[in-house]
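One structure is given below, encoded as structure tokens.
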Amino acid sequence: MTSPKTYHVKSFGCQMNVYDGDRMGELLSAEGMTAATDADSADVVVLNTCHIRERAVHRVYSEIGALRRDDGTRPMIAVAGCVAQAEGAEVAKRARDVDVVVGPQAYHRLPALLAEARARGKAQIDTDMPAESKFDALPTRGPGRPSAFLTVQEGCDKFCTYCVVPYTRGAEVSRGFEAVLDEARALVDGGAREITLLGQNVNAWDDAGRGLHDLIVALDKLPGLARIRYTTSHPNDMRQGLIDAHRDVEKLMPFLHLPVQSGSDRVLKAMNRSHDTASYLRLIERVREARPDIAISGDFIVGFPGETGAEFEETLNIVRAVNYAQAFSFAYSPRPGTPAATMDAQVPKAVMDERLQRLQALLNEQQYAFNTASVGRRTSVLIERKGKIAGQMLGKSPWLQSVHVVDPTLKIGDLVEVDLTHAGPNSLRGTAPMKLAA
Ligand code: 5AD
Ligand code: SF4
């Protein structure tokens, strides 16, 4: 086989995977390869996988199968991400077409692993969690999207009983203050107007006593950067400094993703969440005092082992009490190796599905109401991509709502003032844009 010239990275799952996928692409570009338009035309395909729920794992194997081409050939295939970490050599055993299996902490070695696989004609597996930081081995960020992700923290020490993350991503590790600022500067130089700081527990970020709010205050001073976001936060790591930042830091967007998972204190305890519903609600109150218009988002799991009908009703109650601007909700999925997978009283699928539907109906109603309440506002929108209709552009409001604007003069990366005129369940429409100064 001649040396591969083009690559395609396909990321599944969370935003941290999107970030890792971008970085793997940059690594391959630094090797002289170029991005292919799709998997079909690429010499190397990286499947950057997610292990958080079961369906995601099945999907990986069907994706690998689908990479076989009509003429019987296939690209080189690397499986990266959390399925790679969790299943290791098993992936290459189950899917013979795989050339490289590389975990989330070892992907800086991707080019070397691909070369080794070609030289030896044998699958290479690297699921180490090396002491050296992969970040130091990655190329400097180049030109990119107006809204950029920046991973500042990885891993989790919380060990919620349903979750694989502590096993696939390892212990909580924060990147250094200066390294993060350097990457932020490079992103802004490359065209980013908005940076979303990422971490499994992003608000646990810490560098010698400096917390996430110190990082946000430093980023606020970065010329050219207009917006700062962060996700995902854990209720127990929500310090006063970060809450105050929502009042004091102009570039920090009024949006907080703060998963509660369940509205039942008994279930929260069984989940090992280390917060209860009362402390969560108090926290939301303090955040809203600091920033009254803040959009609250969350994650929910229905059908955790032993969840009764009455406990599920408590989840609906906390949703009513908080009033979410948007949220993600999932049917519980037993993950191998986690304590909850072997708990008694697993909830039947039909019951879970019915609960999920009711929860999602309520959350959708709240999201629609939140969007409707935004109509009539004039607000900033960061234009991120073209819409489906000619002249239509798509961007995000400060509250992370998608906004469609029809104006052929708009360009990707523009930050514009928009009058919000129509609300839908998942997006808004706006008009009369005026460009904002940088
Ligand atoms: N089953 C269902 N949902 C899960 N999540 C994490 N683990 C599981 C699981 N085993 C959800 C949680 C978490 C989000 C990223 O995924 O709600 O916050
Ligand atoms: Fe998983 Fe819980 Fe850690 Fe979130 S806090 S990553 S849900 S173990």
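Note that the structure is a prediction, hence the values are computed from the model and not measured. Order of listing sets the numbers, starting from 1, for every ligand and every atom in it.
Checked by distance only, ligand 1 and Arg53 come closer than 3.5 Å through their nitrogen or oxygen atoms.
Listed by number with element, the atoms of ligand 1 under 4.0 angstrom from any heavy atom of Arg335 are 10 (N). The ligand atoms of ligand 1 that sit less than 4.0 angstrom from a heavy atom of Gln261 are 12 (C), 13 (C), 17 (O), 18 (O).
Under the ring pair (Phe, Tyr, Trp, His ring centres under 6.0 Å) criterion, Phe300 pairs with Tyr324, sequence neighbours left out. Take Tyr332 and apply the ring pair (Phe, Tyr, Trp, His ring centres under 6.0 Å) test, not counting sequence neighbours, and it matches Phe304.
At least one heavy atom of Ala331 sits less than 4.0 Å from an atom of ligand 1.
When non-hydrogen atoms are compared, ligand 1 lies under 4.0 Å from the side chain of Phe330 (C-beta onward) but not from its backbone.
The salt bridge (Lys or Arg N to Asp or Glu O under 4.0 Å) with Arg227 is formed by just one residue from the set Glu384, Glu250, Glu194; it is Glu194.
Around CZ of Arg288, the count of heavy atoms belonging to other residues, nucleotides or ligands within 6.0 Å exceeds 12.
Counted by atom type alone, His8 and Asp40 present zero donor-acceptor pairs between their side chains at under 3.5 Å.
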